Undergrad: 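Before I ask anything, let me first share the structure, which is written out below as structure tokens.
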Amino acid sequence: MPVTTSSEYSKPPIRKIKKICCIGAGYVGGPTSAVMATKNPDVQVTVVDYNEDRIASWQTDDLPIYEPGLLNIVKLARDGTFNNRSPNLFFSTDVDTAIAEADLILLSVNTPTKSLGRGAGHASELCYLESAVRTIGSVATSDKIIVEKSTVPCKAAETLSDILAATSRPGVRFELLSNPEFLAEGTAIRDLLAPDRIIIGSLDTPRGMQAAQALADVYTAWVDPARIITINLYSSELAKLAANALLAQRISSVNALSAMCEALGADIDEVAHAVGLDRRIGPAMLKASVGFGGSCFRKDILSLAYIAESLHLFQVAEYWRSVVGINEYQKDRFTRRIVKCLYDSLRSKRLAVLGFAYKKDTADTRETSAITVVNNIIAEGASVRVYDPLVKKERVWDEVRAGSKQPELVEERLSVCGSAYEACADADAVIILTEWDEFSNKSVEDGRRHGTNEEKGQRCLDWGRVAGLMRKPMFVFDGRNVLDPQPLEAMGFRVESIGKGTAPKS
Ligand SMILES: NC(=O)c1ccc[n+]([C@@H]2O[C@H](COP(=O)([O-])OP(=O)(O)OC[C@H]3O[C@@H](n4cnc5c(N)ncnc54)[C@H](O)[C@@H]3O)[C@@H](O)[C@H]2O)c1
Ligand SMILES: O=c1ccn([C@@H]2O[C@H](COP(=O)(O)OP(=O)(O)O[C@H]3O[C@H](CO)[C@@H](O)[C@H](O)[C@H]3O)[C@@H](O)[C@H]2O)c(=O)[nH]1
């Protein structure tokens with residue numbers, strides 16, 4: 001139900017947006033607002049959050065999240081280094097004032113999987129969204145466009161409209177839009193600057209469509225109008241969950257095939273390349289791995305499955321849940337392979353884990369496969385030394401402790417190192433869990449590689465030096481297929497890659 005506090009036609013038409021308030025200064029709210037502000041110098045963008053530390057860090061050069069290129073974009077708009085214009089990007093904990101002043105409000109708060117009550121472990125937790133919308137209802141004295149940027153279950157807009165209708169002042173009108181975000185971490189700025197598409201979902205009413213146009217006008221400052229698609233509100237909400245489910249399904253499909261490749265003596269990279277050349281399939285999201293991580297795929301698939309189940313579509317729910325099931329299987333399968341290769345026991349063995357983030361170019365560790373793998377090998381009796389170029393030590397400790405059924409073993413057997421060499425000293429095996437460029441030995445130029453690591457002046461790992469540090473025999477378990485095994489095997493390493501079996505001898 002749309003919020004209707006006055007007749008559709010009694011209000012003046014929605015005009016150009018002058019002030020935007022983004023609620024939620026996280027991975028989506030911060031970068032999205034920064035790009036909107038730099039591309040719309042005449043629009044004031046204020047990002048608000050009740051987390052004071054987060055807001056304080058957005059105001060410094062030590063931003064609360066790492067994204068390649070983000071600091072430059074933030075500084076341009078925040079510090080007024082923008083063609084000598086005044087700053088137009090602000091970060092604040094004064095949520096009420098920013099809401100009251102805005103014409104358009106972006107809801108970018110977290111929507112994790114519920115941990116309590118009905119639907120716990122499956123459904124999306126909408127309490128943060130509800131709280132933000134209640135604040136809008138109680139604070140707003142003028143009309144607002146409210147945009148769901150957060151990923152939400154289909155029909156969440158109906159719930160939010162209901163809350164607004166009950167909490168807002170008479171005569172104040174809200175138009176709800178869905179504008180899901182498709183950025184991926186590590187490439188957020190690139191994705192925001194050149195999106196494949198912008199989806200705007202609105203109600204099929206004159207004011208709904210005017211609101212959609214007002215939001216589209218913000219995007220057309222830098223996005224080709226042909227890439228801005230306006231659709232039905234609920235189609236837009238569902239499209240976001242569907243996109244993530246399909247992307248994750250590709251990874252689970254390729255990971256399921258990787259298990260077959262290992263048994264058959266085939267090579268998953270060759271299989272993925274061969275099938276990806278078919279234009280109907282395409283090459284993206286077909287990289288076999290130790291399993292997908294990140295804050296979105298698992299929770300969004302579980303949410304989609306929960307919605308299906310609540311519609312009594314049990315087979316549909318089971319189908320989507322199997323994508324998560326294969327992901328869990330892949331992480332456990334990888335650990336079993338480590339145990340088997342290391343002579344069926346990890347007791348008293350020392351393993352070096354290289355990479356803890358859920359993918360390269362981010363310090364985000366939410367749902368990283370490393371949590372499961374590290375805990376599995378600790379439970380098998382090994383001591384583990386973790387090194388990640390970007391993830392802070394305390395973060396690794398917190399994640400492993402939280403994911404453990406035996407936290408006392410974690411205290412005894414985990415250490416977090418400041419360099420890959422420190423982690424590899426006296427190790428029986430090296431396990432690569434994140435595809436950081438610096439771990440790869442493929443196409444190294446002058447001992448350095450392009451990209452983030454070069455920006456930070458980091459060198460590529462010297463595998464000869466690693467060999468000198470390790471116990472023999474030396475195993476490498478490549479959970480990301482970033483290694484060319486041949487040169488390493490020539491140094492005496494035994495390399496086990498995902499989805500690469502020993503070719504059968506005729
Ligand atoms: N992380 C991604 O790459 C990504 C990409 C696309 C979509 N999404 C979706 O976007 C949403 C946000 O994700 P995120 O990763 O940015 O989350 P996040 O946890 O990094 O940030 C959310 C922020 O919202 C704040 N917040 C929560 N409730 C609030 C309230 N009532 N008032 C003020 N601040 C409040 C929190 O303090 C937090 O800082 C989620 O729905 C997610 O599924 C995330
Ligand atoms: O071929 C691949 C591609 C990715 N991954 C893994 O899958 C996870 C997710 O990767 P990616 O999709 O690149 O990053 P996210 O930041 O999680 O982005 C996803 O989730 C976001 C949040 O909803 C969406 O906005 C993005 O479009 C969607 O790609 C990571 O662990 C990757 O290592 C693979 O194993 N193989």
Side-chain angles (χ1 to χ4, degrees), residues 21-33 47-55 57-58 64-65 67 92-96 98-99 105-113 124-136 148-153 156 179-188 191-192 195-196 240-241 243-248 250-255 258 268-269 272 276 283-301 303 327 330-331 355 357-362 364-370 433-435 479-481 498:
C21 163
C22 173
I23 307 182
Y27 286 87
V28 168
T32 307
S33 300
V47 188
V48 294
D49 203 297
Y50 49 42
N51 182 330
E52 290 176 9
D53 291 343
R54 235 176 186 186
I55 289 298
S57 330
W58 278 109
I65 61 172
E67 270 300 333
S92 170
T93 50
D94 186 353
V95 179
D96 292 8
I99 289 174
I105 299 169
L106 301 171
L107 297 169
S108 302
V109 304
N110 35 331
T111 51
T113 304
S124 295
E125 176 60 85
L126 296 185
C127 71
Y128 304 104
L129 214 51
E130 180 178 336
S131 144
V133 166
R134 281 180 183 275
T135 311
I136 297 171
E148 293 170 343
K149 265 244 150 263
S150 300
T151 305
V152 295
N179 171 221
E181 183 47 62
F182 295 99
L183 68 81
E185 288 177 32
T187 54
D191 297 341
L192 287 164
D196 286 347
K240 172 63 193 179
L241 293 181
N244 273 359
L246 285 167
L247 293 172
R250 282 172 74 95
I251 301 170
S252 278
S253 298
V254 89
N255 282 343
S258 77
I268 191 62
D269 286 341
M285 304 302 274
L286 286 182
K287 184 79 186 153
S289 66
V290 59
F292 59 74
S295 62
C296 297
F297 280 173
R298 182 183 158 85
K299 92 165 159 69
D300 292 346
I301 293 175
S303 172
N327 202 48
Q330 186 75 344
K331 291 185 255 181
Y358 79 95
K359 63 188 283 197
K360 73 171 182 179
D361 291 342
T362 181
D364 196 347
T365 57
R366 291 178 289 180
E367 300 287 342
T368 177
S369 299
L433 295 183
T434 312
E435 71 282 21
R480 296 291 184 163
N481 288 355
I498 294 270

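Order of appearance sets the numbers: ligands from 1, and atoms from 1 within every ligand. In this text, all values refer to a predicted model and were calculated from it rather than measured experimentally.
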Undergrad: List every atom of ligand 2 that sits less than 4.0 Å from any heavy atom of Lys240, numbering the atoms from 1 in the order shown and giving each element.
TA: 22 (C), 23 (O), 24 (C), 25 (O)
Undergrad: So for ligand 2, is Thr151 a polar contact partner (N or O within less than 3.5 Å, distance only)?
TA: no
Undergrad: Is Glu367 near ligand 2, meaning one of its heavy atoms is under 4.0 Å from it?
TA: no
Undergrad: Among Lys359, Arg366, Met285, which residue places a heavy atom closest to atom 14 (O) of ligand 2?
TA: Lys359
Undergrad: Given Thr93, Ile65, Thr111, Val28, which has its nearest heavy atom closest to atom 10 (O) of ligand 1?
TA: Val28
Undergrad: Heavy-atom contacts with Arg480 under 4.0 Å: which atoms of ligand 2 show up? List them by number with element.
TA: 32 (C), 33 (O)
Undergrad: Atom 8 (C) of ligand 2: which of Ser289, Ser252, Gly293, Ala284 has the nearest heavy atom?
TA: Gly293
Undergrad: Could you find the nearest protein heavy atom to atom 12 (C) of ligand 1 and give me its residue, atom name and distance?
TA: Val109 O, 3.4 Å
Undergrad: Using salt bridge (charged side-chain N to carboxylate O under 4.0 Å, His left out) as the criterion, list what pairs up with Asp364, not counting sequence neighbours.
TA: Arg366
Undergrad: Give the numbers and elements of all ligand 2 atoms closer than 4.0 Å to a heavy atom of Glu181.
TA: 25 (O)
Undergrad: Considering only the protein, which heavy-atom contact is closest to atom 31 (N) of ligand 1, and what is its distance?
TA: Ser131 OG, 3.3 Å
Undergrad: Does ligand 2 have a heavy atom under 4.0 Å from the side chain of Leu183, from its backbone, from both, or from neither?
TA: backbone
Undergrad: Relative to ligand 2, is Leu286 under 4.0 angstrom through side chain, backbone, both or neither, heavy atoms considered?
TA: backbone
Undergrad: Among protein heavy atoms, which sits nearest to atom 27 (C) of ligand 1, and what does the distance come to when rounded to 0.1 Å?
TA: Asn110 OD1, 3.2 Å
Undergrad: For Ser124 and Ser303, which I'm curious about, is there any donor-acceptor pair between the side chains at under 3.5 Å?
TA: yes
Undergrad: Indicate whether any N or O donor in one side chain lies under 3.5 Å from an N or O acceptor in the other, for Gln330 and Ser258.
TA: yes
Undergrad: Relative to atom 19 (C) of ligand 2, which among Tyr358, Phe297, Tyr27 owns the nearest non-hydrogen atom?
TA: Phe297
Undergrad: Ignoring angles and geometry beyond distance, decide whether Glu435 reaches within less than 3.5 Å of ligand 2 through its nitrogen or oxygen atoms.
TA: no
